[in-house]
Amino acid sequence: MNDKPILEVRHLRKHFDGTGVLEDVSFAMREGEVIVVVGPSGCGKSTLLRCINGLERPDGGEILLDGARIDGAADLVKVRRQVGMVFQSYDLFPHMDVMGNLTLGPVQALKQPRAQVEAEAEKALARVGLADRAHALPRQLSGGQKQRVALVRAMLMHPRLLLLDEITAALDPEMVREVLNVVLDLARDGMTMLIVTHEMRFAEAVADRVIFLEGGSVLEDAPPARFFHAPETDRARQFLASFEFDAVRQPPKD
Amino acid sequence: MQDLAILFRGNNLRRLLGGLGVTLKLSLVSVALSIALGLVVGALMTLKNPVLKAFFRLWLETVRIVPQLVLLFLVYFGLAKAFNLQISGETAAVAVFTFWGAGEMGDLVRGAITSIPVHQRESSAALGLTRAQCWRFVLLPQAARRLVPQAINLTTRMIKTTSLVMLIGVVEVLKVGSQIIDAARYDAPQGAIWVYAAVFFLYFIACWPISLAAGRLEKKWS
Amino acid sequence: MDFDFIQRFAPMYVKAAGLTLRIGAIGILLSLAVGVLCCLARYFRVPVLRQIAAAYIELARNTPLLVQLFFLYFGLPKVGVKLSAEACAITGLTFLGGAYMAEALRSGLEAVDKAQAESGMCLGLTTLQNLRFVILPQALATAIPAIGANAIFLIKETSVFSAVALADLMYVAKDLIGMYYKTDEALLMLTVAYLALLLPLSIAFSLLERRLRYAGFGNSVQGQ
């Protein structure tokens, strides 16, 4: 692993209608590192991710990618070509088949030759177990299949950094595993990922570091073994305890 | 520019407003009749009777495809000739607009009723509501929210379409405008632009508030 | 019913139908162009242009075509702008239709989920690429029924052009009634002519609408 940070977030602040969602968030991540962001609903996890690839404009602080400022960058398009993002609701383009969804970015945004992209896309689809669905329309796929396609779509852009925003929150429990396996696979390949999730077991398995966000700031930033088994703050303990309870009761997902 | 004064000469302005009154009267009478008939027609349209269905389908396609002006001619000239029935332009206009409006309104009513999910009916039954209570408290309020903005929109369409009745000899605002221009052809040769601009404006102030209200209600209730 | 009369004057109707169709087609295409421009001005929130577009749409939608036409044909020459009847007809139809098309397109654009635009952005597409590949295809599919209804509405509206002495279907019918008192025949041919023009169009659009719905455009599952 390279020690130079790939992403640096310094004192990030974001307010919506006067209420602070992010107050003061700072952390850095190295190439190949996987960071999982956890915290109660409404703690600003999604907003953090949306700020990083410019879907929201921060109100203060700095975001640096490979040492260059990207917050409020004039060329958001260029930033987004280096930072991939996958959402909870998959958001495949309904009017294009799977292959159309996969090739759009590389062919139009990166100007790569279509044949080359298609060959690569086929290989990637095979890897996630969807080799035979290349010409299916999104509505013909299950939620888990859609989300795997969305992951492949983001990966084909060869991003420096991949942001995953609760990508299993909308899935039936039996589909969660097939999606998370793909993410674990990416982690093994050394993909740099910043992940927001409510799946604590998965978080523990995939993370190099866990960031616990609450009240708009980072309360803990620790390796998973320490965060999950010996958290330092009371808030983190309460948060984790709520999952112990929920594990029995199957919580409603937000 | 000095011919702008033509609007304010004599009782011209009053005549124009009187013409607008005819326009509004024709459209409001037609709208009222259309809504009354449309409610009945719409309820009938939800029935599954194939003969009724075909009949309403034909009616609806006719009023959607045949231009209103053609319908006006068919009724005004056609009826007169075929049955030796001399009806006034205004009667012909109300008849045509009601025929058109009741069809369109009926379809809106049908759409509003069928848009309510079956689920709503079932859950009110599960609450122990009677059929009448279900309509009164659950179905009609929801149908009305969909229907009212669309019915208001139909009103502006009627008002605009009444401009056609000058072509079958009804003296409404556009015709009054033409008469004013004709009368002043020599002393205000440039009058036409101002008079027609005024008519344009009169229609706009008649229709715009109604459109705004419809848009507002639609947004509020959607 | 005088069939000799119908036979004799049918070619006049065919010719007039051609004119109606030509003006209708040109008007519809120009309306779409105006509609797209207005819609984009509002979508991208272009200052000034956006307000102009909004005002124009309200004006055109809340006034009758016949009045717009009289203003163009009888009013404008008084300030030195002389347009032929045909140019007036096309201008009037475009003025009216552009506003309707803009509204149809706008509701199509609004129906495209915001997340779709964000996904496109996240793939590094430029604004224009995003519009072209992701947003517009979905917006158009949603707007097709409204665009079709507008097209039929605009062709119907051409019937008022007889009032500015344009020799369209309505004009021929009025002429025949006035000259020969063959009211039944003239009106029958008039109705048949409009049906022949508009029925195929109406059927074509409802088929297209069904196909698009089948394709499931704009039908993405958002969450649960």
Side-chain angles (χ1 to χ4, degrees), chain A residues 49-50 52-56 75-97 100-111 137-143 146-147 150 153-159 162-163 165-166 169-172 252-254, chain C residues 36 39-40 43-45 104-148 205 207-224:
Chain A
L49 262 52
R50 293 171 63 85
I52 292 173
N53 85 340
L55 290 176
E56 304 287 351
D75 199 356
L76 280 175
V77 171
K78 207 176 130 201
V79 171
R80 293 191 181 117
R81 284 174 187 171
Q82 300 176 61
V83 180
M85 183 157 179
V86 181
F87 301 87
Q88 167 181 335
S89 47
Y90 350 113
D91 303 310
L92 298 184
F93 305 126
H95 59 298
M96 297 175 178
D97 64 6
N101 269 278
L102 296 181
T103 51
L104 182 65
V107 171
Q108 298 302 335
L110 304 179
K111 306 287 175 210
L137 284 169
R139 68 188 171 87
Q140 299 164 325
L141 303 177
S142 74
K146 280 186 217 176
Q147 198 56 293
R153 185 173 72 177
M155 286 310 299
L156 287 176
M157 298 292 291
H158 299 291
L162 188 57
L163 310 172
D165 188 6
E166 304 209 24
L171 296 179
D172 292 335
K253 282 157 182 158
D254 64 354
Chain C
V36 168
C39 192
L40 289 181
Y43 186 76
F44 287 115
R45 308 184 155 274
L105 291 168
R106 187 178 65 132
S107 61
L109 274 181
E110 278 174 1
V112 179
D113 201 287
K114 202 173 136 243
Q116 287 285 314
E118 290 186 346
S119 295
M121 283 191 238
C122 286
L123 285 179
L125 299 181
T126 62
T127 308
L128 278 181
Q129 286 175 327
N130 209 7
L131 202 64
R132 181 173 150 210
F133 294 110
V134 177
I135 299 166
L136 273 187
Q138 297 184 57
L140 276 177
T142 316
I144 283 286
I147 291 174
F205 270 112
L207 287 180
L208 186 63
E209 195 186 330
R210 210 167 300 166
R211 247 197 68 178
L212 289 177
R213 211 167 348 166
Y214 175 73
F217 282 8
N219 210 5
S220 71
V221 178
Q222 302 300 334
Q224 267 188 334

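Every heavy atom of this structure was used, including side-chain atoms; hydrogens, water molecules and symmetry mates were not. Computed from a predicted structure; not experimentally measured.
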Find the distance between [atom1] ([X]) and [atom2] ([Y]) and round it off to the nearest 0.5 Å.
| X | Y | atom1 | atom2 | answer |
| --- | --- | --- | --- | --- |
| A:Arg80 | C:Glu118 | CZ | CD | 8.5 Å |
| C:Ile135 | A:Phe93 | CD1 | CZ | 9.0 Å |
| A:Leu163 | C:Cys122 | CG | SG | 8.0 Å |
| A:Arg81 | C:Leu125 | CZ | CG | 7.5 Å |

Which atoms of [X] come close to chain C, meaning under 4.5 Å heavy atom to heavy atom: side chain ones, backbone ones, both, or neither?
| X | value |
| --- | --- |
| A:Arg153 | both |
| A:Leu55 | side chain |
| A:Val86 | neither |

Under the salt bridge (Lys or Arg N to Asp or Glu O under 4.0 Å) definition, can you give me all pairs with a residue in residues 125-136 of chain C, not counting sequence neighbours?
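Sorted pair list comes back empty.
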
Selection residues 134-143 of chain C - residue pairs positive for salt bridge (Lys or Arg N to Asp or Glu O under 4.0 Å), sequence neighbours left out:
none

Hey, are the side chains of [X] and [Y] touching, using non-hydrogen atoms and a 4.5 Å cut-off?
| X | Y | answer |
| --- | --- | --- |
| A:Val107 | C:Phe133 | no |
| C:Met121 | A:Leu76 | no |
| C:Gln116 | A:Pro94 | yes |

Check: A:Gln108 main-chain N/O paired with C:Gln129 side-chain donor or acceptor under 3.5 Å:
yes

So which atom in A:Ala109 and which in C:Leu123 form the shortest heavy-atom distance, rounded to 0.1 Å?
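A:Ala109 and C:Leu123 have their closest heavy atoms at CB-O, 3.6 Å.
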
Of all the heavy-atom pairs spanning C:Thr126 and A:Val77, show the shortest one and how long it is.
CA-CG2, 4.0 Å

Does C:Lys114 have more than 12 heavy atoms from other residues, nucleotides or ligands lying within 6.0 Å of its NZ?
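No, NZ of C:Lys114 has 12 or fewer neighbouring heavy atoms, counting only those of other groups under 6.0 Å.
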
